[in-house]
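This report refers to the structure that appears directly beneath it.
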Amino acid sequence: MILENLRASREDLDLKQKDIADFFDLHYSTISGWETGKDTIPIERLIKYANEYYLSLDYLFGIISKNEKYEPIDFDIEQLAKNLTELRLKNKVTQSFVAKKLNTSQSAYSHYENAVNVIPTSFIYGLTKIYKPFSIDELFGRKKIKNSNK
């Protein structure tokens, strides 16, 4: 899965893949894999990157075309699980329905809603195909920065 604007955001920040690799303490080839879609960036790392540079997750995923700055958050699997459940219930669908759309089992999906496992980045993107309108930033409880020069 390619994050539409991962490379563009890095280039807009005048950063090289090596800079991002150093930030994460990884080899630059890992960053290249994320940018080309060869590898999938774990959501916890994507949030860390978004936090560091005040980037919108919706922008990084290509849901919106222009970045809007967001306040940093701490990754909270319990809150994510609660938000996944609330989103599904608000849309009046079952875990089985969501799991089928994501091409996974209902029991695997229930682990995401019960904070047993972190939902994979590719599945988060898949939620954009199930729920309309949908904001990944809202799913994680991120708030826009208002009237700031950050």
Side-chain angles (χ1 to χ4, degrees), residues 1-85 87-88 95 98-146 148-150:
M1 180 199 80
I2 296 176
L3 288 164
E4 295 285 326
N5 294 315
L6 187 60
R7 172 179 275 154
S9 68
R10 176 181 57 76
E11 291 172 348
D12 287 346
L13 294 163
D14 290 324
L15 299 170
K16 301 202 177 326
Q17 286 179 345
K18 184 181 180 333
D19 298 323
I20 302 301
D22 290 346
F23 174 71
F24 286 118
D25 195 25
L26 297 169
H27 193 270
Y28 77 90
S29 64
T30 301
I31 309 310
S32 176
W34 293 345
E35 289 183 352
T36 62
K38 179 182 173 210
D39 299 311
T40 302
I41 184 172
I43 194 62
E44 298 95 324
R45 291 195 184 215
L46 184 62
I47 289 172
K48 182 178 178 181
Y49 175 72
N51 282 346
E52 181 71 13
Y53 300 104
Y54 305 97
L55 298 167
S56 163
L57 295 171
D58 291 335
Y59 169 71
L60 292 171
F61 276 93
I63 297 170
I64 60 175
S65 60
K66 184 177 179 207
N67 186 51
E68 298 175 327
K69 292 185 177 188
Y70 276 78
E71 292 285 346
I73 59 161
D74 291 324
F75 179 80
D76 182 345
I77 191 172
E78 297 286 336
Q79 187 62 51
L80 174 59
K82 180 181 174 195
N83 293 350
L84 284 169
T85 302
L87 178 66
R88 180 180 54 76
Q95 285 184 344
V98 176
K100 185 175 181 180
K101 293 288 188 180
L102 296 176
N103 198 24
T104 192
S105 69
Q106 184 273 326
S107 63
Y109 185 77
S110 74
H111 286 356
Y112 310 138
E113 287 193 7
N114 290 304
V116 175
N117 297 325
V118 176
I119 188 169
T121 308
S122 59
F123 285 5
I124 292 170
Y125 181 74
L127 295 175
T128 68
K129 307 297 182 194
I130 298 169
Y131 304 117
K132 305 254 186 218
F134 180 73
S135 168
I136 296 170
D137 288 303
E138 287 180 21
L139 178 67
F140 284 93
R142 297 182 83 225
K143 305 287 185 211
K144 288 182 188 177
I145 294 175
K146 295 180 180 163
S148 175
N149 293 328
K150 288 186 181 178

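Atoms considered below: every heavy atom in the structure, side chains included; atoms not considered: hydrogens, waters and symmetry mates.
The side-chain tip of Lys101 does not point at the ring of Tyr109 from less than 6.0 angstrom away and within 45° of straight on.
Contact detail for Arg142 and Asn51: the closest heavy-atom pair is NH2-OD1, 3.7 Å. Between Ala81 and Ala115, the shortest heavy-atom distance links the atoms CB-N, 3.6 Å. Closest non-hydrogen pair, Asp58 versus Ser135, comes out as OD2-OG, 2.7 Å. Across every non-hydrogen atom of Phe140 and Leu57, the tightest pair is CD1-CD1, 3.8 Å. Nearest approach of Ser9 to Leu60, heavy atoms of both residues: OG-CD2, 3.5 Å. Residue Phe134 comes nearest to Ile136 through the heavy atom pair CE2-CG1, 3.5 Å, listed as atom of the first residue, atom of the second, then distance.
Using modelled atom types, no side-chain atom of Asn5 and backbone atom of Ala8 make a donor-acceptor pair closer than 3.5 Å. Remark: the backbone N or O of Asp22 is not paired with any side-chain donor or acceptor of Tyr28 at under 3.5 angstrom.
Aromatic ring centroids of Phe24 and Trp34 lie under 6.0 Å apart.
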Tyr59 vs Ser65, side-chain hydrogen bond (donor to acceptor under 3.5 Å, both in side chains): CA-CA, chis, key distance, verdict: CA-CA 6 Å; Tyr59 169 71; Ser65 60; over 6 Å; no

Candidate pair Arg10 and Glu35, rule side chain to side chain contact (heavy atoms under 4.5 Å, CB included), full reasoning: CA-CA 10 Å; Arg10 176 181 57 76; Glu35 289 183 352; 2.6 Å; yes

Could you walk me through whether Leu80 and Tyr112 pass the side chain to side chain contact (heavy atoms under 4.5 Å, CB included) check? CA-CA 8 Å; Leu80 174 59; Tyr112 310 138; over 6 Å; no

Can you check side chain to side chain contact (heavy atoms under 4.5 Å, CB included) on Asn67 and Tyr53, steps first, answer last? CA-CA 11 Å; Asn67 186 51; Tyr53 300 104; over 6 Å; no

Please walk me through it: do Thr85 and Asn114 pass side chain to side chain contact (heavy atoms under 4.5 Å, CB included)? CA-CA 9 Å; Thr85 302; Asn114 290 304; over 6 Å; no

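Taking 4.0 Å as the cut-off between side-chain N and carboxylate O, Lys143 and Glu71 do not count as a salt-bridged pair. Residues Glu113 and Arg88 are paired through a salt bridge, judged by an N-O separation under 4.0 Å between the basic side chain and the carboxylate.
Between Ile43 and Pro120 there is no side-chain heavy-atom pair separated by less than 4.5 Å. Contact of the Leu127 side chain with the Ile119 side chain is registered, since non-hydrogen atoms from C-beta on lie closer than 4.5 Å. In this structure, Phe23 and Leu15 have side chains that are not in contact, with every pair of non-hydrogen atoms separated by 4.5 Å or more. Side-chain contact check for Ile130 versus Leu102: some heavy-atom pair is nearer than 4.5 Å. At least one side-chain heavy atom of Tyr49 sits less than 4.5 Å from a side-chain heavy atom of Leu6.
With rounding to the nearest 0.5 angstrom, the CG atom of Leu3 is 9.5 Å from the OH atom of Tyr125. For the atom pair Ile20 CD1 and Arg45 CZ, the distance stands at 12.5 Å (nearest 0.5 Å). Here OH of Tyr70 is found 15.5 Å from OH of Tyr54. Values are rounded to the nearest 0.5 Å. Distance check: Phe61 CZ to Thr128 OG1 gives 8.5 Å after rounding to the nearest 0.5 Å. With rounding to the nearest 0.5 angstrom, the OG1 atom of Thr30 is 10.0 Å from the CD1 atom of Ile41. The structure places CD of Gln17 at 12.0 Å from CG of Leu26, a figure rounded to the nearest 0.5 Å.
Counting non-hydrogen atoms of neighbouring residues, nucleotides and ligands closer than 6.0 angstrom, the CD atom of Glu138 reaches no more than 12 such neighbours. Heavy atoms from other residues, nucleotides or ligands lying under 6.0 Å from NZ of Lys66 number 12 at most.
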